[in-house]
*Asks:* 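Please read through the structure below; I'll follow up with questions.
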Amino acid sequence: QVQLVESGGGLVQAGGSLRLSCAASGRAFSSCNVAWFRQAPGKEREFVAALRWDFRILYYADSVKGRFTISRDNPRNTMYPQMNSLKPEDTAVYYCAADQSLIVAKTANEYDYWGQGTQVTVSS
């Protein structure tokens, strides 16, 4: 069992940066693939980035490629996206997710563990 708690959201101007954190509890975290998703009002939950448990596979959505960087610190049971050059369309609730599947998924229903979400608002 893995429990996830996000933090670090807030209000930022367009072009600015934010670093979110996702703290995990449970010994299984280091063997989990991890991912970030986001959901804007009135829209479906959208894939942002994913990283395999051994760091060997890394995916980004086209909309964030070159601006966002996902990382993890297994000894500290924490994962991060560093979000740079933020745009108003990045405004959403951001969720971290984890899963012990062999495949690094880009769809939300493949992930078993979820955080509660943290709001990111980018003003123009």
Side-chain angles (χ1 to χ4, degrees):
Q1 189 77 9
V2 176
Q3 294 182 325
L4 305 172
V5 178
E6 301 97 337
S7 61
L11 174 64
V12 63
Q13 287 190 331
S17 298
L18 272 178
R19 189 192 196 207
L20 305 182
S21 295
C22 177
S25 62
R27 296 180 178 180
F29 178 74
S30 61
S31 64
C32 287
N33 303 326
V34 295
W36 286 89
F37 289 80
R38 66 187 182 185
Q39 189 165 18
K43 295 188 177 181
E44 293 188 354
R45 195 164 294 191
E46 174 189 31
F47 170 77
V48 175
L51 176 62
R52 202 167 85 167
W53 64 273
D54 60 357
F55 300 81
R56 292 187 176 185
I57 294 177
L58 176 59
Y59 296 130
Y60 290 101
D62 288 342
S63 58
V64 307
K65 203 171 292 184
R67 301 188 297 121
F68 289 16
T69 302
I70 186 174
S71 61
R72 64 189 295 171
D73 185 339
N74 282 345
R76 294 189 171 145
N77 272 15
T78 308
M79 54 187 273
Y80 313 93
Q82 174 67 43
M83 307 186 296
N84 299 326
S85 302
L86 283 162
K87 305 175 182 180
E89 51 264 43
D90 293 319
T91 295
V93 177
Y94 282 72
Y95 298 90
C96 60
D99 174 70
Q100 291 181 289
S101 171
L102 294 176
I103 298 172
V104 181
K106 299 180 183 180
T107 52
N109 61 6
E110 297 289 336
Y111 286 86
D112 294 325
Y113 308 112
W114 289 88
Q116 81 289 353
T118 185
Q119 176 70 46
V120 172
T121 303
V122 184
S123 63
S124 57

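Computed from a predicted model, the values in this text were never measured in an experiment.
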*Asks:* Checking side-chain contact (heavy atoms from CB on, under 4.5 Å) for the pair Arg67/Tyr60: CA distance, chi angles, key distance, verdict?
*Replies:* CA-CA 10 Å; Arg67 301 188 297 121; Tyr60 290 101; over 6 Å; no

*Asks:* Taking C-beta and beyond as the side chain, do Trp36 and Cys22 meet within less than 4.5 Å on heavy atoms?
*Replies:* yes

*Asks:* If hydrophobic clusters are built by linking Ile, Leu, Val, Met, Phe, Trp and Tyr wherever their side-chain heavy atoms come under 4.5 Å apart, do Ile57 and Ile103 end up in the same one?
*Replies:* no

*Asks:* Please examine the side chains of Gln82 and Ser17, heavy atoms only from C-beta on, and report whether any two atoms are closer than 4.5 Å.
*Replies:* yes

*Asks:* Take Ser31 and Gln100, measure what side chain to side chain donor-acceptor pair (under 3.5 Å) needs, and give me the verdict at the end.
*Replies:* CA-CA 7 Å; Ser31 64; Gln100 291 181 289; 3.1 Å; yes

*Asks:* Tell me, with the steps shown, if Tyr59 and Val48 meet side-chain contact (heavy atoms from CB on, under 4.5 Å).
*Replies:* CA-CA 8 Å; Tyr59 296 130; Val48 175; over 6 Å; no

*Asks:* Less than 4.5 Å apart, side chain to side chain, heavy atoms only: is that true for Gln119 and Thr121?
*Replies:* yes

*Asks:* Using atom types as modelled and distance alone, determine if a side-chain donor or acceptor of Thr118 lies under 3.5 Å from a backbone N or O of Gly9.
*Replies:* yes

*Asks:* Provide the closest heavy-atom pair for Glu110 versus Ala105 in the form atom of the first, atom of the second, distance.
*Replies:* CB-CB, 3.4 Å

*Asks:* I want to check something: taking the side chain as every heavy atom from C-beta on, are Val120 and Leu20 in contact at a cut-off of under 4.5 Å?
*Replies:* yes

*Asks:* Leu51 and Leu58: which non-hydrogen atoms are nearest, and at how many Å?
*Replies:* CD1-CD1, 4.0 Å

*Asks:* Is Tyr95 close to Arg38 at the side-chain level, that is, under 4.5 Å between some pair of heavy atoms?
*Replies:* no

*Asks:* Rounded to the nearest 0.5 Å, how far apart are CE of Met79 and CG of Asn74?
*Replies:* 10.5 Å

*Asks:* Hey, is the main chain of Gly117 close enough, under 3.5 Å, to the side chain of Glu6 for a donor-acceptor pair?
*Replies:* yes

*Asks:* Give a yes or no answer on whether the side chain of Asn33 reaches the backbone of Ser101 with a donor-acceptor pair at less than 3.5 Å.
*Replies:* yes

*Asks:* Going from OG on Ser21 to CZ on Arg76, what distance comes out if it is rounded to the nearest 0.5 angstrom?
*Replies:* 11.0 Å

*Asks:* Do Glu89 and Thr91 come within less than 4.5 Å of each other through their side chains, counting heavy atoms only?
*Replies:* no

*Asks:* Quick check for you: to the nearest 0.5 Å, what is the distance between Asn84 atom CG and Leu18 atom CG?
*Replies:* 9.5 Å

*Asks:* I would like to know whether Asp99 and Cys32 meet side-chain contact (heavy atoms from CB on, under 4.5 Å); could you show each step before the answer?
*Replies:* CA-CA 5 Å; Asp99 174 70; Cys32 287; over 6 Å; no

*Asks:* Check Pro88 against Ala14 and note the closest heavy-atom contact, atom names and distance.
*Replies:* CD-CB, 4.1 Å

*Asks:* Could you go through the side-chain contact (heavy atoms from CB on, under 4.5 Å) check for Val104 and Trp53 one step at a time?
*Replies:* CA-CA 9 Å; Val104 181; Trp53 64 273; over 6 Å; no

*Asks:* Under 3.5 Å, is there a donor on one side chain and an acceptor on the other for Arg19 and Tyr80?
*Replies:* no

*Asks:* Working note: Thr78 + Asp73, criterion side chain to side chain donor-acceptor pair (under 3.5 Å); need CA distance, chi angles, decisive distance, verdict.
*Replies:* CA-CA 5 Å; Thr78 308; Asp73 185 339; over 6 Å; no

*Asks:* Applying ring-ring contact (aromatic ring centres under 6.0 Å, His included), which residue pairs with at least one partner in residues 105-124 are found, sequence neighbours left out?
*Replies:* Phe37-Tyr111, Phe37-Trp114

*Asks:* So do Arg72 and Phe55 actually touch side chain to side chain, heavy atoms under 4.5 Å?
*Replies:* yes

*Asks:* Output the distance between atom CG (Leu102) and atom CZ (Arg52), rounded to the nearest 0.5 Å.
*Replies:* 9.0 Å

*Asks:* Answer yes or no: is there an ion pair linking Asp90 with Lys87, defined by an N-O contact shorter than 4.0 Å?
*Replies:* no

